[in-house]
Amino acid sequence: MSSHAAVLDTRRRVETPEGVELDLAVAGPVSRASAWLIDSLIRTAVWFAVSVALVPMGPAGQGIALVAFFLLGWGYPVLFELVNRGATPGKSLLGLEVVHDDGTPVRLSASVVRNLLRAVDALPVAYAFGLTACVLSRDFKRLGDLAAGTVVVYSGKVRARRVTAEAPPLPPPVPLTAEERRAVMDFAERAVHLSPERAEELAACAEPLAGRGRDAVLRLAGMAAWLSGRR
Amino acid sequence: MSREEFVRRNGPVWDAFERQVARLEGPAKRRDRTLSLAATEAAPDLAEFDRRYRAVCRHLVLARRRLYGADLEERLNDLARRGHRHLYGRRPGTWAAIGRFVARDFPEAVRAQWKLVLAAIVLFYGPYAAAIAWIAPEPDRIHLLLDSGTVSQLEEMYDPASGHYGKERESDSDLRMFGFYVFNNVGLAFRTFAGGILLGVGSAFFLAFNGLYLGSATAYLLGIGFGTPFLSFTAGHGAFELTAIVLAGAAGLRLGLPLVSPGRKTRGEAMLEAAREAVTIVYGVAGMLVLAAFVEAFWSPRSSVPPEGKYAVGAALWILTIGYFLFAGRRRAA
């Protein structure tokens, strides 16, 4: 059918020792930035509480407060990544988690490396280096992730609802490759937002499979329904 | 086999596995959250975990091959991923690991990077020595390097005639300074390390900059006759702090090296290996700086100890530090 390279997707295939390939859904810069914002708010609140409680207690309190600020700055992400299954509170709220490249939960060394390197990712301002690396890398990795061999994925606890075109299920007349199956299902999702003429135009690309015209759109939607499990 | 038949036959296994995984993930007692022998004895059905996990993996492959539908693939993929996480996630280290780290892993890691440590020493002490050589004959030259605010701050801190020299500080203030030193110095070391990812340039820059600053401050204070207060204050913690800065720089260089020269590996693989080696050193650096902060906050300002005593302790700590990195953790040849 098509000759272009692999489909652009945010899924990362990882082979396990059992010989199975698992799909990890990689998280992009927007959700990661949102998680970071939430974490920043939490950290600011804790910083404020510690300041108010300890600083008036004289120099000893200030010393303890300084140690607390140090731990809050450098240790907050590491602690949660180790104890809370790779997710700081901000990441947890957005359904994200940090795992190694092979899908295993993040361990101490990797967590330390990726979080110490925030010092560089945050340069020159507002995580510019980190965002650039994220956008340029195949798995949305920032510099810390690249060095530590980790990746931020969706943990599957928060699941998006998918809206597709409705049609009675129809088995494809011929076996389809994975790429072709994905294309048909993507079309059914996309068709909801397209004008009827445009949908027909796109459906005509798969003429050997579904014919032409209005029926083609319905047939493709039906095949998508069958492929996604409705029988 | 049709999809319905497949689901009907294997559904019970998947449901049972899902329950097990949910229990392992849930807010249960710590003992229940890990797949250990103890947990298996407490809940015998956990012994089935590996068998069911392999079954789920098998079914996932079949569902993909036979095109049973994306929703089924997703469900099985999800189950397999959660099971994979529990089977292959390792537990954090214990106290014994910390002991082993101090006794063996840390000095070994430093010795393994001896070339980069030497480079870091040159990058730090080179500018340090150059600053001393340049400022010692003409102390006023320091104004070309540092602004007058910093210079007068240095003078005020170490002036033997000033009021606070000779008075004991309250222990409350000591604690505040301890907190400050931890916040400031460990953060500095972390940034020196992190700078290494910029092809090592960040770390090199930090090392040279700090070497220059410390060298010129030292030369200036010695040149205007404030040597005794300054040296007796810094003698105690100098060994730990200066060595830690150098090691942080070396760790940063180790991090940046694979980007420049990955050897026979891909950059990604070389990066992973470098990060692992470098971070071992960073743990030790953090520990050393916390110790240095203790010494700097609670021992160094003690004016009840005469300068000779401070120098003796300082020299002893230097010998201890160098000896530690040269000899600690060396295994005897079999």
Side-chain angles (χ1 to χ4, degrees), chain A residues 14 16-24 58-70 73-74 82-83 85 99 101-110 112-114 116-121 123 129 143-144 146-149 156 172 175-176 178 181-182 185 226-231, chain B residues 2-4 25 53-54 57-58 60-61 64 67-74 77-78 80-82 84-85 88-90 92-93 170-184 186-187 190-191 193-198 202 255 268 271-272 274-276 278-280 282-283 297:
Chain A
V14 168
T16 71
E18 285 74 27
V20 177
E21 284 184 339
L22 297 182
D23 271 343
L24 301 175
Q62 286 160 23
I64 301 176
L66 278 164
V67 176
F69 295 154
F70 168 76
W74 296 101
L82 289 180
V83 165
R85 262 201 301 283
V99 294
D101 284 337
D102 57 6
T104 54
V106 65
R107 294 184 290 275
L108 178 67
S109 296
V112 168
V113 168
R114 73 184 296 276
L116 287 190
L117 282 174
R118 282 177 192 274
V120 177
D121 275 314
L123 298 175
F129 279 9
L143 294 174
L146 286 167
L176 298 173
R181 294 202 299 272
R182 173 115 297 191
M185 290 198 283
W226 189 90
L227 287 171
S228 67
R230 291 201 289 281
R231 298 291 156 96
Chain B
S2 75
R3 178 201 147 102
E4 286 71 28
E25 285 172 356
Y53 172 66
R54 277 199 293 278
C57 290
R58 221 169 33 240
L60 173 60
V61 174
R64 280 182 183 152
L67 300 184
Y68 281 153
D71 61 340
L72 193 58
E73 283 175 38
E74 250 185 57
N77 182 70
D78 210 45
R81 211 173 41 83
R82 288 158 72 189
H84 172 81
R85 179 204 290 149
Y88 295 107
R90 258 190 286 154
E170 290 175 6
S171 58
D172 275 4
S173 302
D174 286 348
L175 192 50
R176 166 150 60 100
M177 293 317 290
F178 171 70
F180 174 74
Y181 293 137
V182 166
F183 182 84
N184 190 49
V186 185
F190 283 172
R191 281 192 290 274
F193 161 70
I197 194 155
L198 299 174
L255 196 64
M271 200 77 246
L272 281 180
R276 239 174 305 151
V279 82
T280 311
V282 172
Y283 295 152

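Naming convention: chains lettered A, B, ... in sequence-line order (proteins, then strands); numbering from 1 in each chain.
In terms of heavy-atom pairs under 4.5 angstrom with chain B, the leader among A/T104, A/V67, A/V120, A/L176 is A/V120. For the options A/G149, A/G58, A/A119, A/S109, heavy-atom pairs under 4.5 Å to chain B are most numerous at A/S109. Ranked by non-hydrogen atom pairs under 4.5 Å with chain B, the options A/E21, A/R181, A/Q62, A/E18 are led by A/E18.
Closest heavy-atom contact between B/R85 and A/P105: CG-CG, 3.2 Å. Taking all atoms of both residues into account, the shortest heavy-atom contact from B/A275 to A/A147 is CB-O, 3.2 Å. Scanning all heavy atoms of the two residues, the minimum distance from A/P17 to B/H84 falls at CD-CE1, 4.3 Å.
Taking CG of B/L198 as the start and CG of A/L117 as the end, the distance is 9.0 Å to the nearest 0.5 Å. Here CD of B/E73 is found 9.5 Å from CG of A/L227. Values are rounded to the nearest 0.5 Å. Between the OH atom in B/Y88 and the OG1 atom in A/T16 there is a gap of 6.0 Å [rounded to 0.5 Å]. With rounding to the nearest 0.5 angstrom, the CG atom of A/L123 is 10.0 Å from the CZ atom of B/R191. To the nearest 0.5 Å, atoms CD1 (B/I197) and CG (A/D121) are separated by 7.5 Å. Between the CG atom of A/L66 and the CZ atom of B/F178 there is a distance of 10.5 Å, given to the nearest 0.5 Å.
The part of A/A148 that comes within reach of chain B is its backbone (N, CA, C, O), which places non-hydrogen atoms under 4.5 angstrom from that chain. At a 4.5 Å heavy-atom cutoff, the contact between B/L60 and chain A is made by side-chain atoms alone. Using a 4.5 Å cut-off between heavy atoms, A/L146 contacts chain B through its backbone alone, with no side-chain atom that close. Contact annotation for B/R82: neither backbone nor side-chain heavy atoms come within less than 4.5 Å of a heavy atom of chain A. For B/V182, the parts lying under 4.5 angstrom from a heavy atom of chain A are both the backbone and the side chain.
Between A/V113 and B/V282, the closest side-chain pair of non-hydrogen atoms is not below 4.5 Å.
Listed by chain and number, the residues in a ring pair (Phe, Tyr, Trp, His ring centres under 6.0 Å) with B/F190 are A/W74 (sequence neighbours excluded). Shown here are the salt bridge (Lys or Arg N to Asp or Glu O under 4.0 Å) partners of B/R54, two or more places apart in sequence or in another chain: B/D50.
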